[in-house]
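Read through the structure below, which is laid out as structure tokens, and then see the notes.
Labels below follow one simple rule: chain letters A, B, ... track the order of the sequence lines, proteins then strands, and each chain is numbered from 1.
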Amino acid sequence: ELKVEQNPLFLSMQEGKNYTIYCNYSTTSDRLYWYRQDPGKSLESLFVLLSNGAVKQEGRLMASLDTKARLSTLHITAAVHDLSATYFCAVDRLGGGADGLTFGKGTHLIIQP
Amino acid sequence: DSGVTQTPKHLITATGQRVTLRCSPRSGDLSVYWYQQSLDQGLQFLIQYYNGEERAKGNILERFSAQQFPDLHSELNLSSLELGDSALYFCASSYDGTGPMDEQFFGPGTRLTVL
């Protein structure tokens with residue numbers, strides 16, 4: 001059974017600081033997704049990582065993928081309050097894309113002024 | 001706005017009842033996915049349809065069923081409802097799920113409360 005583990009599950013940090021969220025998964029997959037969810041809202045796609053060594057950046061967020069280590073990271077640079085949300089990583093079960101996603105439990109991020 | 005629409009936004013019903021949730025995918029997308037989000041189970045994949053046919057099944061209960069119609073909209077039917085079925089139900093769509101940049105876009109969700 002595919003397992004996706006995120007840590008930390010809860011993170012409170014101050015504006016201006018840097019931090020990293022980790023996502024480990026238990027089976028071979030060359031496709032990993034990061035989503036953002038605001039309270040009571042839908043999931044917003046942040047990144048799709050397709051291959052080993054993939055790195056993508058959007059504003060203060062940067063995601064990377066190491067398929068050999070089965071590890072993805074989401075790095076936050078100089079955090080601002082607007083980035084407060086829950087962040088999920090997800091892997092599709094069969095690795096080829098034609099399947100549902102298995103999600104981590106999410107990292108609840110609070111950024112304080 | 002992802003382009004995926006879901007109705008209704010909220011649904012309140014009683015145990016033992018049956019409800020139908022509706023989803024319209026983004027224009028051009030052929031695949032529809034259903035997910036359940038609850039506090040204790042997190043986000044769980046239920047079922048996927050591709051161009052009218054069931055393609056993949058996740059943790060979907062036997063009391064639940066889905067279908068995708070010729071116009072590609074999908075319905076999720078939940079019957080014999082229990083308190084534990086209270087959750088946020090999301091629909092997502094993608095072109096077909098296999099392309100290199102294909103990804104799932106999520107709808108706004110239907111919040112189901114079973115009393």
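Nearest heavy-atom pair across A:P8 and A:T107 is O-OG1, 2.6 Å. Closest approach of A:A85 and A:Q37 over heavy atoms only: CB-O, 3.6 Å.
In terms of heavy-atom pairs under 4.5 Å with chain A, the best-connected choice from B:Q37, B:R111, B:Q6 is B:Q37.
Interface remark: A:K41 contributes backbone atoms only to the contact with chain B (heavy atom separation under 4.5 Å). Heavy atoms closer than 4.5 Å to chain A are found in the side chain of B:Y35, but not in its backbone.
The cationic group of B:R26 lies under 6.0 Å from the six-membered ring centre of B:F105 and within 45° of the ring axis, placing it in a cation-pi geometry.
No option in B:T20, B:V19, B:L11 other than B:V19 meets the side-chain contact (heavy atoms from CB on, under 4.5 Å) test with B:L78.
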